[in-house]
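Here it is, the structure in full.
Keep in mind that what you see is a predicted model, and the values were worked out from it rather than measured. Heavy-atom basis, side chains included; hydrogens, waters and symmetry copies ignored.
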Amino acid sequence: MASILDEYEDSLSRSAVLQPGCPNVAIPHSGYVNAQLEKEVPIFTKQRIDFTPSERITSLVVSCNQLCMSLGKDSLLRIDLGKASEPNHVELGRKDDAKVHKMFLDHTGSHLLIALSSTEVLYVNRNGQKVRPLARWKGQLVESVGWNKALGTESSTGPILVGTAQGQIFEAELSASEGGLFGPAPDLYFRPLYVLNEEGGPAPVCSLEAERGPDGRGFVIATTRQRLFQFIGRAAEGAEAQGFSGLFAAYTDHPPPFREFPSNLGYSELAFYTPKLRSAPRAFAWMMGDGVLYGSLDCGRPDSLLSEERVWEYPEGVGPGASPPLAIVLTQFHFLLLLADRVEAVCTLTGQVVLRDHFLEKFGPLKHMVKDSSTGQLWAYTERAVFRYHVQREARDVWRTYLDMNRFDLAKEYCRERPDCLDTVLAREADFCFRQHRYLESARCYALTQSYFEEIALKFLEARQEEALAEFLQRKLASLKPSERTQATLLTTWLTELYLSRLGALQGDPEALNLYRETRERFRAFLISPRHKEWLFASRASIHELLASHGDTEHMVYFAVIMQDYERVVAYHCQHEAYEEALAVLSRHRDPQLFYKFSPILIRHIPRQLVDAWIELGNRLDARQLIPALVNYSQGGETQQVSQAIRYMEFCVNVLGETEQAIHNYLLSLYARGQPASLLAYLEQAGASPHRVHYDLKYALRLCAEHGHHRACVHVYKVLELYEEAVDLALQVDVDLAKQCADLPEEDEELRKKLWLKIARHVVQEEEDVQTAMACLASCPLLKIEDVLPFFPDFVTIDHFKEAICSSLKAYNHHIQELQREMEEATASAQRIRRDLQELRGRYGTVEPQDKCATCDFPLLNRPFYLFLCGHMFHADCLLQAVRPGLPAYKQARLEELQRKLGAAPPPAKGSARAKEAEGGAAAGGPSREQLKADLDELVAAECVYCGELMIRSIDRPFIDPQRYEEEHLSWL
């Protein structure tokens, strides 16, 4: 193992890359670069708003990017922070001395409530300029409002809760519709629900928060100066289902559960943290006399909404004494306390102060602090200035806090985007688990870190934790890149060695049987894992060597099957004489090459099963590749050996339709040796055409001759068309077979006669059977009695040939009579022809002056013309044009040649002497003009163009020439 570890270190060192140009960057043991590229931005960044109020600021609220502040006692300033350059001033229209006590803005930024010290409440909608008093609310000093986040919209608040200084909780609903002079008031209703009490009687309702859980239950948290109340329940069925009356009605007979603390600031404040707008709040912080009660909100708990509660004491110098906190806001991991001269941020995980931000005295004392849940921005103000805090990457260092608390899951969650920090957390978790003797968990964590491989491996080796080491190596192997082949080979080899050593130590120990089985299953799971398949395949040679060195043949076969190294598996079974198992592997994986390699071994021991497997594979196997195995197997000559070879060859020929000559030749040899009865049937089935048989005819002839199969030889002779040899050999076997062979050359009568003469000579001279000879004479009409007579001996009497001679004479007489009849018919036919010729010479036709050409419809007598017996008349040139397209190419060429020669011939001369001289000159130099005209007439006027074959041949010709079709088509448009 030490050598493997050293090799792995070397491979890692070789794969390290030095980046130039970074002289001041340190590479820690984790393998990540720690370099601060720029100054870290603070989590809380304060910004003073460039705004100077015209009057002192008495109250300020922010929600959904809408900021509202009251200035003095009679002015309201509204600013849409998306359009900060367009502020909106609204006059409250108050003539008395009433001051603004508090302001409340809903989660949509649409509904603003202004509580006055005179126990009056004003309502202003974001889309209106009118300040509307709420008559039903008069007489109540409002301390808190619980907005309805589920049903509240820009036009209506839905049912909301209102807490007063007298400890009463009211339910109300506001509508933004203004109507006319007698229109409805904005406060649709205002009814009491509950009264909160402390030990001294009713106490002011300092905070109200209403939420609805995913299961439909309602939750209300209300606080007084010393108590925090929880109201949990479902709304009643009916018209009030959307309100809170049913929820509070459940606590009519008994008080709700509450938390109480003895110290008293004279007020308290409740803050929620909601991750996203319109989602359920996750955490709460209650500022009261003893400190800050912080915890999580769990809507799924049946009895209490609060969980994981703890009280963080105020920082030093903060408390009910000289510097009480004035307000609290809650972020994801901090709560911020507002004091008169500063803001302090406290981490909710550790209780440590992470920020003390002092304000200059020139701005005056701080009044209050609020949070805009939609943007996450925090707002603080004095009477003369407004400040805004930006919260940036609040969770950046939370992982360190969770890490120090050994809460590794949360630490990993908050540094998932930072690999260097995640590596630190994993290393600390791995060390922690190792100290706790949780070695497997430690190995899983170490495998995810960039810690030095050799340190971790030696750590587990020293602790004798081979199982954890194997887990570590296995996970490291799964994380390697495809290019890290060397490391992968070393790790797979090491893991195999660990598993084999473990199995070897446990094998044979009956007390450790279960542990041995578990280890074996883990080893097999490692071998079969798809994640490791690539690396195992690359290292298969070294793993096979390890398996062989440990003598673990079981896993050697198992690994070979996984790697699809079936050749090794089959070889192993053959070495151990497990031939059926070897054949089962071959049949299951159907690799033709393996069949070719191992068939010579398997056929000696399980021939029938092997041939069954061959047949099952069908044409996936090349039968030619299996012939060597069959030849070696069938050399023994035993019936069973030959029968199995014949069975497979017959399957190839009859079922697969093999046409390879080698296969058919081998089947012939098997038939000749083992099944002579099937030989002739095979040859006859193959046919008698030499071009269609698939075996070698010469080889088949030699094979049949060697084994004395004469009938088969005769058949081969017939296929080779060696009929004389076939008849000669057939006469040694059977005369009838010879007769069949003699009739085969049907087109060569001379050869047939010769073959039959051989048969006759054999019958007369060898068998001396006159009757059979006469039967041969009757079987072949080509043989005459005079052909057979020379074969008979001289002592044979004529009585044996009397009938044959008489039959021959009758045949001659009949033949002579037939010839005479044919001569008479020929003479009569010649006379009829001569008579028809005489009649044709006298035939004529009459042409009337009004007759017209059948083609051009002009008078016929104007130009040379042709008159046909059918009655059609054509001008010579019209007939030429009509006939030319239907003539074949060579006749068209002949026609042009005749026209050219006729045009070049001299015109006929006047006078008999000159005509004779012209004819004599034409005869001396070439064909005469009359001969050319006769040839032209024979070519053009051989038949009527309308009634002859030319018209019949043109039946499929279109009426319009395809080349002129488009022109003709356009002419009709």
Side-chain angles (χ1 to χ4, degrees), residues 59 98-104 113-121 134-147 159-172 187 189-210 218-233 243-271 284-293 295 303-306 309 311 314 319-321 324-328 368:
S59 183
K99 300 178 181 180
V100 175
H101 175 60
K102 283 185 179 182
M103 292 198 306
F104 308 94
L113 295 175
I114 305 173
L116 303 178
S117 58
S118 60
T119 67
E120 292 181 274
V121 180
L134 303 179
R136 292 186 176 89
W137 296 41
K138 189 172 183 179
Q140 305 294 333
L141 183 61
V142 177
E143 291 286 345
S144 58
V145 175
W147 298 104
I160 61 174
L161 297 175
V162 180
T164 67
Q166 293 79 23
Q168 290 181 297
I169 296 177
F170 290 86
E171 182 183 26
D187 47 342
Y189 62 86
F190 189 75
R191 50 175 173 260
L193 292 179
Y194 202 82
V195 178
L196 297 182
N197 294 296
E198 290 183 351
E199 292 184 357
V205 183
C206 300
S207 299
L208 269 176
E209 291 288 346
F219 303 89
V220 175
I221 297 180
T223 66
T224 59
R225 291 167 297 194
Q226 294 176 280
R227 291 183 179 181
L228 183 147
F229 296 88
Q230 295 184 69
F231 298 87
I232 303 173
F244 295 95
S245 57
L247 179 66
F248 283 91
Y251 298 96
T252 304
D253 299 331
H254 60 88
F258 61 87
R259 305 282 191 275
E260 184 174 13
F261 295 90
S263 298
N264 191 349
L265 285 173
Y267 54 87
S268 70
E269 186 169 348
L270 182 66
F284 76 97
W286 179 37
M287 181 187 74
M288 39 78 180
D290 289 277
V292 175
L293 177 65
D303 54 346
S304 175
L305 185 63
L306 313 180
E309 304 169 50
V311 177
Y314 290 120
L326 303 176
I328 185 173
H368 201 64

Short side-chain to backbone donor-acceptor contact, Ser268 and Thr224, under 3.5 Å: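 Looks like yes, one N/O pair under 3.5 Å.
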Could you walk me through whether Lys138 and Ser118 satisfy the side-chain contact (heavy atoms from CB on, under 4.5 Å) test, starting with their C-alpha distance in whole Å, then the side-chain angles of each, then the deciding distance to 0.1 Å, before giving a yes or no? CA-CA 9 Å; Lys138 189 172 183 179; Ser118 60; over 6 Å; no
Take Val121 and Leu116 through the side-chain contact (heavy atoms from CB on, under 4.5 Å) test and state the conclusion after the steps. CA-CA 6 Å; Val121 180; Leu116 303 178; over 6 Å; no
Donor-acceptor check, side chain of Ser207 to backbone of Ala222, threshold 3.5 angstrom: yes or no?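 Pair absent, no side-chain N/O of Ser207 close to backbone of Ala222.
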Quick one: do Phe170 and Tyr189 satisfy side-chain contact (heavy atoms from CB on, under 4.5 Å)? Show the steps, please. CA-CA 10 Å; Phe170 290 86; Tyr189 62 86; over 6 Å; no
Side-chain (Lys102) to main-chain (Glu143) donor-acceptor, under 3.5 angstrom: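 Indeed, once roles are kept as given, a pair shorter than 3.5 Å links the two residues.
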Using only atom types and a distance under 3.5 Å, with no angle test, would you say the side chain of Tyr314 pairs donor to acceptor with the backbone of Gly291?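 Between the backbone of Gly291 and the side chain of Tyr314 there is a qualifying donor-acceptor contact (under 3.5 Å).
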Do any N or O atoms from the side chain of Asp187 and from the backbone of Arg136 form a donor-acceptor pair under 3.5 angstrom?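 Flag set: sc Asp187 to bb Arg136 pair under 3.5 Å.
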Can you measure from CE (Met288) to OG1 (Thr223) and round to the nearest 0.5 angstrom?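 Separation between the atoms: 11.0 Å.
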Are Pro204 and Thr164 packed together at the side-chain level, in the sense that at least one heavy-atom pair is separated by less than 4.5 angstrom?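 No, side chains not in contact.
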Grab the two heavy atoms, one from Gly319 and one from Leu265, that are nearest each other, plus how far apart they are.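 Minimum heavy-atom separation between Gly319 and Leu265: C-CD2, 4.3 Å.
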Closest non-hydrogen atom pair between Ser117 and Leu141, with its separation: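 Nearest heavy atoms, Ser117 then Leu141: CA-CD1, 4.3 Å.
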What are the two closest heavy atoms between Ala285 and Ile328, and how far apart are they?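 Ala285 and Ile328 have their closest heavy atoms at CB-CD1, 3.9 Å.
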Donor-acceptor pair, distance only, cut-off 3.5 Å: does the side chain of Ser144 make one with the backbone of Val205?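 Looks like yes, one N/O pair under 3.5 Å.
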What orientation do Tyr194 and Phe231 show, parallel under 30°, tilted 30 to 60°, or perpendicular over 60°?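 If you compare the ring of Tyr194 with that of Phe231, the planes turn out perpendicular.
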Hey, does Trp137 have a side-chain heavy atom less than 4.5 Å from the side chain of Thr119?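 Thr119 vs Trp137: side chains apart.
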State, yes or no, whether a side-chain contact exists between Leu113 and Val145 at a heavy-atom distance under 4.5 Å.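 In short, these two side chains touch, coming nearer than 4.5 Å.
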Are any side-chain N or O atoms of Tyr251 and backbone N or O atoms of Ile232, one a donor and one an acceptor, separated by less than 3.5 Å?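 Yes; judged by distance alone, with no hydrogens or angles, the pair exists.
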Is there a donor-acceptor pair under 3.5 Å between the side chain of Gln230 and the backbone N or O of Leu305?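 Yes; at least one donor-acceptor contact below 3.5 Å.
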If I compare all heavy atoms of Pro256 with all of Phe229, which pair ends up nearest, and what's the gap?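 Reported closest heavy-atom pair: CG-CD2, 3.7 Å.
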Are the side chains of Met103 and Ile114 in touch, meaning some heavy atoms are under 4.5 Å apart?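 The answer is yes; the side chains approach within 4.5 Å.
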Contact summary for Tyr267 and Pro324, nearest pair of heavy atoms: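 For Tyr267 and Pro324, the tightest heavy-atom pair comes out as OH-CB, 4.0 Å.
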Measure across Pro202 and Val195 and return the closest heavy-atom pair with its distance rounded to 0.1 Å.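 Heavy-atom minimum between the residues: CB-CG1, 4.2 Å.
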Is there side-chain contact between Phe284 and Leu293, with heavy atoms separated by less than 4.5 Å?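 In contact.
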Hey, are the side chains of Leu247 and Val220 touching, using non-hydrogen atoms and a 4.5 Å cut-off?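 Leu247 vs Val220: side chains touch.
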CD of Glu209 to CG of Leu228: how many Å apart, nearest 0.5 Å?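 Answer for the CD-CG pair, Glu209 versus Leu228, is 11.0 Å.
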Do the charged groups of Arg191 and Glu171 touch, with an N to O distance under 4.0 Å?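 Yes, charged N to carboxylate O under 4.0 Å.
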N/O donor-acceptor pair under 3.5 Å between Gln226 side chain and Pro262 backbone: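 Such a contact is found between Gln226 side chain and Pro262 backbone.
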Show your working on salt bridge (charged side-chain N to carboxylate O under 4.0 Å, His left out) between Arg227 and Glu198 and close with a plain yes or no. CA-CA 7 Å; Arg227 291 183 179 181; Glu198 290 183 351; 5.8 Å; no
Checking the side chain of Asp290 only, and the main-chain atoms of Ser263 only, is there a donor and an acceptor separated by less than 3.5 Å?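 Side chain of Asp290 to backbone of Ser263: a pair is present.
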Partner residues of Glu269 under the salt bridge (Lys or Arg N to Asp or Glu O under 4.0 Å) criterion, sequence neighbours left out: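 None.
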I'd like to check Leu161 versus Phe244 (side-chain heavy atoms, cut-off strictly below 4.5 Å). Are they in contact?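 SC-SC contact between Leu161 and Phe244 confirmed.
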